[in-house]
**Student:** 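Quick one: structure below, then a few questions.
Indexing begins at 1, ligand by ligand and atom by atom, following the structure's order.
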Amino acid sequence: MKLGETLNILLRNGRILDPSSERDFCSDLLILDGRIRELAPRISVGAELLREVQVFDVEGKWIMPGMLDMHVHLREPGEEYKETIATGTRAAAAGGFAAVACMPNTKPVNDSAAVTTYILNRAREEGFCFVYPVGAISRGLQGQDLAEFGELRDAGAVAVTDDGRPVMNSLMMRRALEYARAFDLTVISHAEDLSLADGGVMNEGPVSTLLGLRGIPRAAEEVMVARDLLLAEMTRGKIHIAHVSTAGSVRLIREAKARGVPVTAETAPHYFTLTDDALMTFDAVYKVNPPLRRPEDVRAIQEGLADGTLDAIATDHAPHSILEKDTELDLAANGMIGLESAVPLLLDLVRQDILTPLQAAAKTSLSPARILGLPFGAFRVGSPAHVTVIDPDAKFILDCHTFQSKSRNCPFHGRQVQGQVLMTIVDGRMAFSRMSP
Ligand code: DOR
């Protein structure tokens with residue numbers, strides 16, 4: 001990675017949020033040679049060592065395990081004018097993320113060891129955080145033939161998905177779940193019935209009627225969620241439902257979990273924050289797939305996060321250039337960037353008493369790490385330090401022109417927010433900091 005020296009750092013008087021031990025307490029954190037050395041109130045460091053250690057007073061600030069975003073589009077290879085591994089991981093680090101999992105809908109599609117290896121090599125050379133590639137379910141995302149899951153896994157893919165597109169053929173989804181089981185890979189479902197979606201540009205409901213725009217019914221998502229839950233139940237293959245956007249999907253997943261179906265699920269900040277009222281502006285920055293829904297969906301998603309139905313929060317960071325976005329809704333591309341706006345939106349949930357600070361930390365570190373089988377979400381003495389420090393009180397205006405991402409399609413631009421990333425430590429090195437010792 002493109003990071004500097006390993007750190008000797010003492011964080012003083014922070015609020016440690018450790019989801020792995022479910023502890024929320026005030027403490028110091030000492031990092032030596034890039035590894036977590038000690039976690040205790042009032043760590044005393046000898047005068048000699050102190051000379052080599054940078055000390056930061058982080059009283060009142062949150063110290064969380066380095067966050068992991070399990071759903072990011074880095075666009076490299078193939079669409080480097082939208083984002084690259086360098087700019088995307090820089091944006092991730094600025095947003096508090098120590099690691100991202102990147103979706104396979106690149107050009108070429110990541111359906112082979114060659115592309116997975118290319119991404120990993122680029123990340124090693126240019127990355128500002130860890131990158132975990134997700135391989136395709138079907139070759140070329142065409143939904144015709146399965147990709148070689150074993151080859152993908154051996155090259156470093158951590159899951160499989162056709163994200164951006166659904167697997168429309170149910171037999172293919174069944175086979176994918178069975179095949180993935182053999183390699184202990186999770187299948188990530190982009191749940192969308194294309195025939196029901198029918199080329200819509202926004203949620204089907206009163207606002208689409210008012211605006212005269214073609215709508216996408218909630219059922220377009222829910223029938224596929226239901227199908228994939230049934231297939232996971234039948235095959236015992238692990239299914240993960242991506243970008244959950246409707247109350248009905250939350251209900252289906254909740255019921256399936258109660259029956260013991262091996263399912264996990266994520267939602268994105270825009271689905272617990274925005275509604276389709278935003279489309280009244282006709283601004284394509286609000287066009288995303290699945291689409292923004294109604295207030296009752298937003299409430300159900302917040303409840304699903306609170307009660308554990310929705311395990312993880314992932315951004316679905318989907319960079320697009322002005323060419324794809326600054327156009328009429330029908331023609332505009334789907335997607336919004338999310339890496340650099342996630343933390344204040346997450347903290348909104350805490351301020352609204354929907355999530356505890358520990359839950360907020362879990363949904364952005366431990367839970368996605370468990371789903372993908374990655375070593376994040378805990379503070380372990382002796383382990384390389386991945387740490388995110390947040391000032392929960394800092395108020396500021398989100399300005400996408402200051403973002404590290406190459407793209408500007410941020411629906412939260414200009415919003416007054418609270419909660420700012422101060423520091424992202426990745427593998428014991430400083431990936432982002434707005435603090436001085
Ligand atoms: O809005 C979206 N954009 N949804 C997806 O599923 C894909 C993504 C993209 O790649 O732009």
Side-chain angles (χ1 to χ4, degrees), residues 69-85 87-88 91 100-111 115 119 133-138 140-141 143 159-168 187-194 196-197 199-203 216 220-221 224-225 228 240-246 249 265-271 273-274 276 278-279 283-293 314-327 329-339 341-342 405-412:
D69 187 344
M70 67 177 297
H71 195 135
V72 168
H73 297 270
L74 289 178
R75 305 295 190 216
E76 184 176 351
E79 290 182 310
E80 289 84 355
Y81 69 101
K82 298 182 181 187
E83 197 77 285
T84 63
I85 288 168
T87 60
V100 298
C102 61
M103 295 295 120
N105 62 339
T106 45
K107 293 181 179 167
V109 167
N110 184 11
D111 57 6
V115 178
I119 292 168
V134 177
I137 292 173
S138 70
L141 307 181
V160 288
T161 185
D162 273 2
D163 182 66
R165 295 187 195 196
V167 175
M168 282 297 287
V187 175
I188 301 176
S189 164
H190 170 114
E192 178 186 12
D193 183 313
L194 290 176
L196 280 173
V201 296
M202 65 174 293
N203 178 54
I216 303 171
E221 175 172 317
M224 291 301 245
V225 170
D228 290 347
H240 174 79
I241 310 291
H243 42 54
V244 171
S245 77
T246 78
S249 296
E266 89 205 13
T267 191
H270 40 275
Y271 300 119
T273 308
L274 299 174
D276 62 356
L279 270 305
D283 188 339
V285 78
Y286 299 109
K287 185 178 175 189
V288 61
N289 186 24
L292 302 174
R293 307 283 187 182
T315 66
D316 198 359
H317 178 81
H320 290 292
S321 81
I322 204 163
L323 290 173
E324 291 92 16
K325 280 305 223 182
D326 206 1
T327 176
L329 279 172
D330 267 341
L331 300 177
N334 281 303
M336 346 179 122
I337 54 172
L339 286 166
S341 51
S405 171
K406 228 182 209 190
S407 290
R408 296 284 171 262
N409 52 315
C410 169
F412 302 106

**Student:** Taking all atoms of both residues into account, what is the closest heavy-atom pair of Val244 and Thr267, and its distance?
**Tutor:**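 Distance-wise, the nearest heavy atoms are O-OG1, 2.8 Å.
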**Student:** Mind telling me whether His190 and His243 have parallel, tilted or perpendicular rings, with 30° and 60° as the class edges?
**Tutor:** perpendicular
**Student:** Do any N or O atoms from the side chain of Asp162 and from the backbone of Val167 form a donor-acceptor pair under 3.5 angstrom?
**Tutor:**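 No; judged by distance alone, with no hydrogens or angles, the pair does not exist.
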**Student:** Can you list the residues that meet the side chain to side chain contact (heavy atoms under 4.5 Å, CB included) rule with Thr84, with sequence neighbours excluded?
**Tutor:** Glu76, Glu80, Ala86, Thr87, Lys406
**Student:** Give a yes/no on ligand 1: does Lys287 have at least one heavy atom closer than 4.0 angstrom to it?
**Tutor:** no
**Student:** Should you measure from each heavy atom of Ala318, which atoms of ligand 1 turn up under 4.0 Å away?
**Tutor:** 3 (N), 8 (C), 9 (C), 11 (O)
**Student:** If you measure every N/O of Val288 against every N/O of ligand 1, is any gap under 3.5 Å?
**Tutor:** no
**Student:** Could you tell me the residue and atom name of the protein heavy atom closest to atom 6 (O) of ligand 1, and the distance to it rounded to 0.1 Å?
**Tutor:**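 Protein heavy atom at minimum distance: His190 CE1, 3.2 Å.
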**Student:** Please tell me whether Arg293 and Thr246 have a donor and an acceptor in their side chains that are separated by less than 3.5 angstrom.
**Tutor:** no
**Student:** Would you please name every residue forming a side chain to side chain donor-acceptor pair (under 3.5 Å) with Ser405, sequence neighbours left out?
**Tutor:** Glu83
**Student:** Among all the protein's non-hydrogen atoms, which is closest to atom 8 (C) of ligand 1, and how far away is it?
**Tutor:** His73 NE2, 3.7 Å
**Student:** Just to be sure I read this right, does ligand 1 sit under 4.0 Å from the backbone of Met103, its side chain, both, or neither, counting only heavy atoms?
**Tutor:**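 It is neither part, as no heavy atom is under 4.0 Å.
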**Student:** Between Asp163 and His71, does the side chain to side chain donor-acceptor pair (under 3.5 Å) criterion hold? Intermediate values first, please.
**Tutor:** CA-CA 9 Å; Asp163 182 66; His71 195 135; 3.0 Å; yes
**Student:** Tell me which protein heavy atom sits closest to atom 7 (C) of ligand 1, plus the residue, atom name and distance to 0.1 Å.
**Tutor:** Gly164 CA, 3.7 Å
**Student:** With the threshold set at under 4.0 angstrom, would you say Arg75 reaches ligand 1 through any of its heavy atoms?
**Tutor:**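 It does, in that a heavy atom of Arg75 comes within the 4.0 Å cut-off of ligand 1.
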**Student:** Taking C-beta and beyond as the side chain, do Arg75 and Lys107 meet within less than 4.5 Å on heavy atoms?
**Tutor:**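 Heavy-atom side-chain distance check fails, nothing below 4.5 Å.
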**Student:** Which ligand 1 atoms, with their elements, are less than 4.0 angstrom from a heavy-atom of His243?
**Tutor:** 6 (O)
**Student:** Give the residue, atom name and distance (to 0.1 Å) of the protein heavy atom nearest atom 10 (O) of ligand 1.
**Tutor:**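 Looking only at protein heavy atoms, the one closest to atom 10 (O) of ligand 1 is Asn105 ND2, 2.9 Å.
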**Student:** Name the closest protein heavy atom to atom 5 (C) of ligand 1, giving the residue it belongs to and the distance to 0.1 Å.
**Tutor:**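 In this structure, atom 5 (C) of ligand 1 has Asn289 O, 3.6 Å as its nearest protein heavy atom.
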**Student:** Under 4.0 angstrom from ligand 1, any heavy atom of Met336?
**Tutor:**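 The answer is no, since Met336 has no heavy atom less than 4.0 Å from ligand 1.
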**Student:** I need the atoms of ligand 1 closer than 4.0 Å to a non-hydrogen atom of His320, numbered in the order shown.
**Tutor:** 11 (O)
**Student:** Enumerate the atoms of ligand 1 whose separation from the nearest heavy atom of Asn334 is less than 4.0 angstrom.
**Tutor:** 1 (O), 2 (C), 3 (N), 11 (O)
**Student:** Strictly distance-based, threshold 3.5 Å: is any side-chain N or O of Lys325 a donor or acceptor partner for the main-chain N or O of Met336?
**Tutor:**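 Checking the backbone N and O of Met336 against the side chain of Lys325, no donor-acceptor pair under 3.5 Å is found.
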